[in-house]
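Values in this document were obtained by computation on a predicted structure and should not be read as measured data. Along the sequence shown, the residues carry numbers beginning at 1.
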Amino acid sequence: MTTTSTVLYPAPAFSFSVSVAGSSGAAQGTTQSDASFQEVSGLDARIDVEELQEGGENRYVHRLPKPTRASNLVLKRGFVTGASYLATWAGQTVGSTYAAPITTNTIVVMLLGTDRSPLAAWNFERAWPVRWVTGPFDSMKNDVLTEVLEFSYSTVTRIAVP
């Protein structure tokens with residue numbers, strides 16, 4: 001008699017990848033440096049609730065769902081001095097005069113196992129840069145210069161990974 005059982009362990013949070021898979025052809029120029037990030041945050045979606053009291057019914061309050069809300073996707077990395085699609089995209093959007101339409105892309109964040117195989121993935125549809133922070137410069141510290149890229153997006157979907 002043979003039984004197959006899978007022992008489930010919590011996934012490591014330190015191994016992940018980020019890629020841009022957009023509708024624009026420029027996203028195909030994504031560099032390797034754009035996939036290396038120190039931290040990814042903002043993977044959060046929630047449904048706010050509206051409370052509605054019904055006339056004559058005092059035992060409870062109806063709780064109705066409002067539209068889903070999500071935080072911005074925040075990517076933190078060491079400052080990239082070479083060619084970077086994300087830095088160019090952020091500069092064109094955040095520093096824009098809005099003479100041209102804002103370019104949106106799909107950002108894919110993938111959680112990887114210890115053997116670098118995908119464990120879970122999230123698609124951030126119609127994402128566009130809303131914030132770009134570099135620094136601070138500090139001559140009294142021996143730190144790596146970092147930059148933070150923040151993206152707004154329409155929807156986030158968790159993708160099943162086989």
Side-chain angles (χ1 to χ4, degrees), residues 4-48 65-98 100-138 141-162:
T4 307
S5 66
T6 303
V7 179
L8 299 175
Y9 293 99
F14 59 83
S15 185
F16 55 89
S17 70
V18 177
S19 61
V20 179
S23 56
S24 70
Q28 304 307 319
T30 301
T31 61
Q32 182 61 33
S33 61
D34 284 334
S36 301
F37 288 91
Q38 173 184 347
E39 183 179 311
V40 175
S41 61
L43 279 79
D44 119 37
R46 65 193 165 282
I47 298 175
D48 289 332
K66 288 184 173 181
T68 301
R69 294 181 39 178
S71 299
N72 287 339
L73 176 65
V74 181
L75 308 176
K76 182 179 179 181
R77 67 178 177 185
F79 183 78
V80 176
T81 57
S84 164
Y85 173 75
L86 286 177
T88 303
W89 183 26
Q92 290 171 347
T93 305
V94 176
S96 173
T97 60
Y98 302 114
I102 291 176
T103 303
T104 63
N105 290 300
T106 299
I107 298 176
V108 180
V109 175
M110 196 171 308
L111 179 64
L112 305 173
T114 54
D115 62 350
R116 304 286 297 165
S117 63
L119 299 176
W122 292 264
N123 262 3
F124 295 86
E125 300 286 336
R126 294 183 299 284
W128 52 283
V130 294
R131 185 171 169 243
W132 184 17
V133 179
T134 301
F137 301 134
D138 189 343
K141 292 184 180 177
N142 188 19
D143 292 340
V144 171
L145 180 63
T146 59
E147 68 180 338
V148 176
L149 299 164
E150 190 169 331
F151 298 87
S152 180
Y153 55 91
S154 297
T155 59
V156 59
T157 306
R158 183 173 171 178
I159 304 166
V161 177

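The shortest heavy-atom contact between Ser15 and Gly113 is OG-O, 3.8 Å. Nearest heavy-atom pair across Glu147 and Trp132 is OE1-NE1, 2.8 Å. Nearest approach of Val161 to Pro118, heavy atoms of both residues: CG1-O, 3.3 Å.
Other residues, nucleotides and ligands contribute over 12 non-hydrogen atoms within 6.0 Å of the CZ atom of Arg46. By the neighbour-count criterion of 12 heavy atoms within 6.0 Å, atom CG of Asp115 is densely surrounded, having more than that number from other residues, nucleotides or ligands.
Between Ile107 atom CD1 and Ser19 atom OG the span is 9.0 Å, to the nearest 0.5 Å. We find the CG-OG1 distance between Asn123 and Thr106 to be 6.0 Å, quoted to the nearest 0.5 Å. Note that OG1 of Thr81 is 10.0 Å distant from CG of Leu145, once rounded to the nearest 0.5 Å. Between Arg131 atom CZ and Ser152 atom OG the span is 13.5 Å, to the nearest 0.5 Å. With rounding to the nearest 0.5 Å, the separation of CG in Leu75 from CD in Glu150 is 9.5 Å. Note that the CZ atom of Phe16 and the CH2 atom of Trp122 stand 11.0 Å from one another [nearest 0.5 Å].
Of the listed residues (Asn105, Leu73, Thr157), just one forms a side-chain contact (heavy atoms from CB on, under 4.5 Å) with Phe124, and that residue is Leu73.
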I'd like to know whether Arg126 forms a side-chain hydrogen bond (donor to acceptor under 3.5 Å, both in side chains) with Thr155, so could you lay out the CA-CA distance, the side-chain angles of the two residues, the decisive distance to 0.1 Å, and finally the verdict.
CA-CA 8 Å; Arg126 294 183 299 284; Thr155 59; 4.6 Å; no
Evaluate side-chain contact (heavy atoms from CB on, under 4.5 Å) for Arg77 paired with Leu86, printing each intermediate quantity in order.
CA-CA 11 Å; Arg77 67 178 177 185; Leu86 286 177; 4.2 Å; yes
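At least one donor-acceptor pair under 3.5 Å links the side chain of Tyr153 to the backbone N or O of Ser71. In this structure a side-chain-to-backbone donor-acceptor pair under 3.5 Å is present from Thr93 to Trp89.
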